[in-house]
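Residue numbering restarts at 1 for every chain, and letters A, B, ... go by the order of the sequence lines.
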Number of protein chains: 2
Amino acid sequence: MKTKQNTLYVGSLAKGLRLLRAFDESHSELSLSELAARTGLDKSATQRLANTLHIEGMLDKDSGTRRFRPSHAWLEMAYAYYWSDPLVGQAMPKLINLSQELAETVNLAEMSGDHIIYVSRLPCKRTYFAATVIGRRLPALSTSAGRVILATYPEEERRAAVDGWPIRVFTPNTTLDRENIRASVENAVHDGYAISQGQMILNEMAVATPIIGPDGRAFAAVQCSVSAHTWTREKIVAEILPKLQDAANAISPSFQSQRALDGR
Amino acid sequence: MKTKQNTLYVGSLAKGLRLLRAFDESHSELSLSELAARTGLDKSATQRLANTLHIEGMLDKDSGTRRFRPSHAWLEMAYAYYWSDPLVGQAMPKLINLSQELAETVNLAEMSGDHIIYVSRLPCKRTYFAATVIGRRLPALSTSAGRVILATYPEEERRAAVDGWPIRVFTPNTTLDRENIRASVENAVHDGYAISQGQMILNEMAVATPIIGPDGRAFAAVQCSVSAHTWTREKIVAEILPKLQDAANAISPSFQSQRALDGR
DNA sequence: TTATCGTGTATTACATAATAATACTTGATG
DNA sequence: CATCAAGTATTATTATGTAATACACGATAA
């Protein structure tokens, strides 16, 4: 363990968290040995830590297969999160109204490092499962929400982000060309909104407007996803964008308090 | 620490989890000393553990106030949970359809010990914030979902549950009389649905139907919340119930796999 | 100003509690 | 029924987490 030679750092706790992080969308249940493999911990450590997490109710254990799964406590953590995030409480009623007016999927995304994370999702139409689940993190550069938030940053930061932030392929249409992305971001600087197409899901279009803090920087965005089969860029700008901007603007002013965060 | 004198139990990890659990709806951000007070740990321990959680990205720290808050990682845990719960994937598209048809708030609740926990929520109308947030745990006996699930249990278990499970006051109308609750549960045994009124929120009515596993026991319920101002029991039974039951029945058959869980 | 408090941060000597190795148990597979 | 992999249990050793304590800082008030 090459972690901090720091007496204020509890290695066992950190290792336990590694077990928790071993679960994701493609690893939804894990055996002891899989856990060991994924965390890089030896069998003994994995055994002790997994046992502790099970006893403490953080991991369910299937008595037949002996495999571990996230417990309901993982949902309770989301519950606690929601009460701690002042944005959500402000935004929720407005998002519900918006989703009713538009009759299309409405999302609330927050900036989280170089990713965005979906904090609230209000699906209106059948859609892919992954598009209905909160807590999904996506590379900011590949999403309309990320780009429109980035567009509120000073030019220097924008440049650095477009050059350095990660990108990943999700569909054959995911933009990998950073110049292309730069153009999209700079458009968003000018327009105050961003539209993306087929970045995450084929034939999906997304439009996003920023929720701007008192310093002029956005830290979140309201986003709407529609099918490219029934919508065009022009129709989105004409019919969705105005309501989306109203909603985002209605949420923004409530934010005097800025949350300055300690670096880790 | 009176916890297990067990070599397979890592106390430091368990203590770290206590810090996480210190956050809830009425404690959304905590200072070091508040954390110490709420967890019962001494200052040193709290300091080390909180620091570790911060370094590992589980707690954000406001650099001004020095207070800790749940980080985005708490939402990511919900994301991982969703992929691990086979019910959610099955139910989601049907719930979306249902919510569109009814134009009323639709919830998916799972049994979790003697509580129910909201796993998915699709708000359609403006409502209280707490009613839009997933991960909320409520005493099963005080909810239509809990009662209708309980109604699928054998008589002996039903009796024990009605006598022993916890109840809490939420509104002046929350039923505290266990005989009253027993009657409600026994009605649900007969009817296959449960309706409650004003249990969690005044002037709110809720109707729930069970999602039944292969053994005949329900482990979840589909629930719909409406305003008592515009709905009556009769109208709910006539207009909402049939669609609710269709949805719940459509979800049930997919469940061959039963998840037997190890006791902690 | 100086004093006192509360709170957050840092350091250290010590022994507890986490560790890694190993042995045991189980059940699946050929 | 022999073999192997995976889960479970036990133990001696010392690394690691611990509690005590000291320091830093800001707020409040005399």
Plane angle bin for A:His72 and B:Tyr81 - parallel if under 30°, tilted between 30 and 60°, otherwise perpendicular: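 Tilted: the ring planes of B:Tyr81 and A:His72 meet at 30° to 60°.
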Among [options], which nucleotide has an atom closest to any side-chain atom of [X]?
X: B:Ser33; options: D:dA9, C:dG8, D:dA19; answer: C:dG8
X: A:Arg48; options: C:dA10, C:dA20, D:dA9; answer: C:dA20
X: B:Val10; options: C:dA18, C:dA20, D:dG17; answer: C:dA18

Roughly how many Å is it from [atom1] in [X] to [atom2] in [N], rounded to a whole number?
X: B:Lys61; N: C:dT7; atom1: NZ; atom2: C1'; value: 11 Å
X: B:Leu49; N: D:dT16; atom1: CG; atom2: C1'; value: 13 Å
X: A:Asn51; N: C:dT19; atom1: CG; atom2: P; value: 13 Å
X: A:Arg67; N: D:dA5; atom1: CZ; atom2: C1'; value: 14 Å
X: A:His54; N: D:dG7; atom1: NE2; atom2: P; value: 14 Å
X: A:Gln47; N: C:dA20; atom1: CD; atom2: C1'; value: 11 Å
X: A:Tyr9; N: D:dA15; atom1: OH; atom2: C1'; value: 16 Å
X: B:Leu13; N: C:dA17; atom1: CG; atom2: P; value: 15 Å

Using OP1 and OP2 only, check whether a side-chain N or O of [X] sits under 4.0 Å from [N].
X: B:Arg66; N: D:dG26; answer: no
X: B:Ser12; N: D:dT18; answer: yes
X: B:Lys43; N: C:dG6; answer: no
X: B:Lys15; N: C:dA18; answer: no

A:Met58 backbone acceptor or donor facing A:Trp74 side chain under 3.5 Å: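 The answer is yes, because a donor-acceptor pair under 3.5 Å joins these two groups.
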Interatomic spacing from CD in A:Glu56 to CG in B:Leu20 - rounded to 0.5 Å: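 It is 11.0 Å, given to the nearest 0.5 Å.
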Spacing of B:Leu150 atom CG and B:Glu157 atom CD [to the nearest 0.5 Å]: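 Going from the CG atom of B:Leu150 to the CD atom of B:Glu157 covers 8.5 Å.
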Shortest non-hydrogen contact from A:Pro70 toward A:Phe23: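 Closest heavy-atom pair between A:Pro70 and A:Phe23: CD-CD2, 3.7 Å.
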Closest-nucleotide ordering on DNA chain C, the 5'-leading residue of A:Ser44 and A:Leu8: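 Checking each residue's closest nucleotide, the 5'-ward one belongs to A:Leu8.
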5'-most by nearest nucleotide on DNA chain C - A:Ala45 or B:Phe68: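 Of the two residues, B:Phe68 wins.
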Given DNA chain D, 5'-ward residue of the pair B:Asp42 and A:Thr65, judged by closest heavy atom: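 With B:Asp42 and A:Thr65 compared, the 5'-side residue is A:Thr65.
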